[in-house]
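Report on one structure; see the data block that follows.
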Amino acid sequence: MRITIAGGGIGGLATALSLHAAGFDDVVIHEAAQVIRPLGVGINLLPHAVRELTELGLADRLAAIGVPTAELAYFNRYGQAIWSEPRGLDAGYRWPQYSVHRGRLQLLLLDAVRERLGAHSVRTGSRITGLRHDSDLLVGADGIHSAVRAALFPGEGAPPGNGLMLWRGTTYGKPFLTGRTMIMAGDGTQKFVAYPIGDGRQINWIAERPLDGEPPERGQWNRPADLATVVEHFSDWRFDWLDVPGIIAKAEAAFEDPMVDREPLPYWTRDDVVLLGDAAHAMYPIGSNGASQAIIDARVLAHSLATTGTATAYEDIRRPATTALQLAHRRQGPEVVLRLAHERAPGGFKDIEQVVPLAERAEIAASYKRTAGFDPTLLNERASWSVR
């Protein structure tokens, strides 16, 4: 089977590696950029995605570029603790959770593709603009502005937003809390996220609040941000353990974009075309799941093609799962605890148990893990997607 992949991002590269591992050698990635550079800022890879990369033989390389997340902690806008839980190996998973620089992960996958499939397997400066191709299958892994998706669903238009603006940046600073903690602080409308990447001294951060005025073009992740404006919005967010405006002001790089997603689709496959990753199910950046879901897509698609010869099983498994996740993210996913704590105690609290009881907090976290596919028991016991 000859397979063409549109898009050389994380999803497209993971697809090529997964197909190769499943026995498909005639695979070519077409990437629109002339050169694949390590762009972007930090992302999280949850244990279900780390499992798939581990089974692709990339565990040591991933460990070399990632910070193993030890804890996820939620706080209100005053820095008061709402909920915390261990993550990765500390939570009983058989695989870690990693915080990594998106660009370094992309280059790691690119190097592996070229090693295993050959340098000819990645064609840069080559854009797939529709459904025409000279292979047996076209995989549309070309992101939120997918040309393949647009050809399947013409007239869809720009990705819809929810009225919130995101600013993303990286800052070298002093480690906070455990030194491997991912924090989310806010009130359900305005939010600040931070976690270490790289050598652990580089802090990846995301700031979020409602848009002022008309939104800029949607879905362009590398638009420079005005740091002074962001600092002003978070000027009084100084906690005993974290100086939010100080981190923002010292950013070495920062970008802005409205928060957007895509509507769930009625189908992903048609004839000799299939969608994957953001092209299939772009979702709000809630719960640190976007890249992880694309990697899982890649593995399930390769398994489906190798065992049945079609993508039918892939869509049957992945489309309902990611649709549920897209909708959960529109309801704020596990981050709803920030909104609940603010609504019930807008001025802060003395005892979180009197505001959002432990049982409610625990069920919110557990429910999201089930929806997103990384409940620890289910993940640890699930059969592998490896074919051989």
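Given the structure is predicted, the values throughout are model-derived calculations rather than measurements. Reckoned from all heavy atoms, side chains included, excluding hydrogens, waters and symmetry mates.
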Going through the distances and angles, do Ser384 and Arg51 end up as a side-chain contact (heavy atoms from CB on, under 4.5 Å)? CA-CA 9 Å; Ser384 173; Arg51 173 180 180 173; 3.8 Å; yes

- [ ] Step by step, work out the side-chain hydrogen bond (donor to acceptor under 3.5 Å, both in side chains) result for His281 and Asp261.
- [x] CA-CA 8 Å; His281 52 70; Asp261 66 357; over 6 Å; no

| field | Derivation of the salt bridge (charged side-chain N to carboxylate O under 4.0 Å, His left out) call for Glu156 and Arg149 | value | CA-CA 9 Å; Glu156 188 175 30; Arg149 175 176 174 134; 2.6 Å; yes

Quick one, Glu31 with Thr124, criterion side-chain hydrogen bond (donor to acceptor under 3.5 Å, both in side chains). Give me CA distance, side-chain angles, the key distance, then yes/no. CA-CA 5 Å; Glu31 166 55 42; Thr124 56; over 6 Å; no

Quiz prompt | Residues Thr322, Gln293; criterion side-chain hydrogen bond (donor to acceptor under 3.5 Å, both in side chains); working and verdict | solution = CA-CA 8 Å; Thr322 55; Gln293 293 299 321; over 6 Å; no

- Show the numbers, then the answer: is there a salt bridge (charged side-chain N to carboxylate O under 4.0 Å, His left out) between Arg299 and Glu55? CA-CA 10 Å; Arg299 292 277 286 164; Glu55 293 184 1; 2.7 Å; yes

Next item on the list: Tell me, with the steps shown, if Glu335 and Arg330 meet salt bridge (charged side-chain N to carboxylate O under 4.0 Å, His left out).
Entry: CA-CA 11 Å; Glu335 297 170 21; Arg330 289 182 175 183; over 6 Å; no

* **side-chain contact (heavy atoms from CB on, under 4.5 Å) between Gln332 and Arg339, worked out** => CA-CA 9 Å; Gln332 297 185 300; Arg339 177 173 59 80; 2.8 Å; yes

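Criterion: ILVMFWY side-chain heavy atoms under 4.5 Å apart, direct or through other members. Under it, Ile197 and Met184 are part of a common hydrophobic cluster. Hydrophobic clustering keeps Ile29 apart from Val35 (ILVMFWY residues linked when any side-chain heavy atoms are closer than 4.5 Å, directly or through intermediates). Met283 is connected to Leu45 through a chain of hydrophobic side-chain contacts under 4.5 Å among Ile, Leu, Val, Met, Phe, Trp and Tyr, so both are in one cluster. By the rule that hydrophobic residues join a cluster once side-chain heavy atoms approach within less than 4.5 Å of another member, Leu62 and Tyr93 end up as members of one cluster. When hydrophobic clusters are built by joining Ile, Leu, Val, Met, Phe, Trp and Tyr residues whose side-chain heavy atoms come closer than 4.5 Å, directly or via intermediates, Val28 is not grouped with Ile36.
Considering every non-hydrogen atom in both Arg319 and Leu265, the closest pair reads NH1-O, 3.2 Å. The minimum heavy-atom distance between Ala73 and Phe75, with the atom names listed, is CB-CE1, 3.5 Å. Pairing each heavy atom of Ile286 with each of Pro334, the nearest pair is CG2-CD, 4.1 Å. Counting all heavy atoms, side chain and backbone alike, Ala302 lies closest to Val387 at O-CG2, 4.4 Å. The two atoms that bring Asp297 and Gly277 nearest to each other are OD2-N, 3.0 Å, heavy atoms only. Of all the heavy atoms in Asp142 and Ala147, the pair that sits closest is OD2-N, 2.9 Å.
Taking 4.0 Å as the cut-off between side-chain N and carboxylate O, Arg77 and Asp187 count as a salt-bridged pair. Ion pairing between a basic and an acidic side chain is recognised when a charged N comes within 4.0 Å of a carboxylate O; Glu115 and Arg61 show such pairing.
For the pair His342/Thr189, no side-chain contact is recorded, criterion being any heavy-atom separation below 4.5 Å from C-beta on. Side-chain contact check for Leu105 versus His101: every heavy-atom pair is 4.5 Å or farther apart. Annotation: side chain of Phe176 is not in contact with side chain of Asp243 (no heavy-atom distance under 4.5 Å). Leu109 is listed as a side-chain neighbour of Leu53, based on a closest heavy-atom distance under 4.5 Å. Side-chain contact between Trp95 and Asn380 is present, with heavy atoms from C-beta onward closer than 4.5 Å. Side chains of Thr69 and Tyr98 form no contact here, defined as non-hydrogen atoms less than 4.5 Å apart. Within the 4.5 Å cutoff, side-chain heavy atoms of Pro245 are placed close to those of Arg238. At a threshold of 4.5 Å between non-hydrogen side-chain atoms, the residues Arg168 and Pro285 count as touching.
Taken from CD1 in Ile248 to CD in Glu232, the straight-line distance is 11.5 Å, to the nearest 0.5 Å. Interatomic distance, CG of Leu46 versus CD of Gln97, reported as 4.5 Å (0.5 Å rounding). Separation of atoms CG (Leu138) and CD1 (Ile3) is listed at 10.5 Å; rounding is to 0.5 Å. In this structure, CD on Glu71 lies 4.0 Å from OG1 on Thr181, to the nearest 0.5 angstrom. A distance of 10.5 Å separates CD1 in Ile5 from CD1 in Ile128, rounded to the nearest 0.5 Å. In this structure, Ser121 OG and Leu110 CG are separated by 8.5 Å, a value rounded to the nearest 0.5 Å.
Classified by interplanar angle (parallel below 30°, tilted 30° to 60°, perpendicular above 60°), the ring pair Trp385/His303 is perpendicular. In this structure, Trp237 and Phe234 have perpendicular ring planes: the angle between them is above 60°, well past the 30° mark.
Ring-centre distance between Phe374 and His48: below the 6.0 Å cut-off. In this structure, Tyr78 has its ring center no closer than 6.0 Å to that of Phe349. Taking the six-membered ring for Trp and the full ring otherwise, the centers of Trp241 and Phe239 sit less than 6.0 Å from each other. Checked against a 6.0 Å centroid threshold, the rings of Phe192 and His233 do not count as neighbours.
At distances below 3.5 Å, not a single donor-acceptor pair connects side-chain atoms of Ser304 with backbone N or O atoms of Val300. Without hydrogens or angle criteria, Tyr74 side chain to Gly186 main chain gives no donor-acceptor distance under 3.5 Å.
More than 12 heavy atoms of other residues, nucleotides or ligands shown are found within 6.0 angstrom of CZ on Arg382. Under a cut-off of 6.0 angstrom, the local environment of CZ in Arg344 is crowded, with over 12 non-hydrogen atoms contributed by other residues, nucleotides or ligands. The environment of Glu343 atom CD is dense: over 12 non-hydrogen atoms of other residues, nucleotides or ligands sit within 6.0 angstrom. Counting heavy-atom neighbours within 6.0 Å of Asp60 CG, excluding the residue itself, gives a total of 12 or less. Counted within 6.0 Å of CZ on Arg180, heavy atoms from surrounding residues, nucleotides or ligands total more than 12; the atom is thus considered enclosed.
The salt bridge (charged side-chain N to carboxylate O under 4.0 Å, His left out) pairs that include a residue from residues 361-378 are Glu85-Lys369, Glu353-Arg361, Glu363-Arg370, where partners are two or more places apart or lie in different chains.
Tyr368 and Asn289 share a side-chain donor-acceptor pair at under 3.5 Å. Looking only at atom types and distance, the side chain of Thr170 has a donor-acceptor partner in the side chain of Glu252 under 3.5 Å away.
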Show me the side-chain donor-acceptor pairs of residues 11-22 shorter than 3.5 Å, one per line, residues at least two apart or across chains.
{"unit_1": "Thr15", "atom_1": "OG1", "unit_2": "Gly11", "atom_2": "O", "d": "2.7"}
{"unit_1": "Ser18", "atom_1": "OG", "unit_2": "Ala14", "atom_2": "O", "d": "2.8"}
{"unit_1": "His20", "atom_1": "NE2", "unit_2": "Arg116", "atom_2": "O", "d": "3.3"}

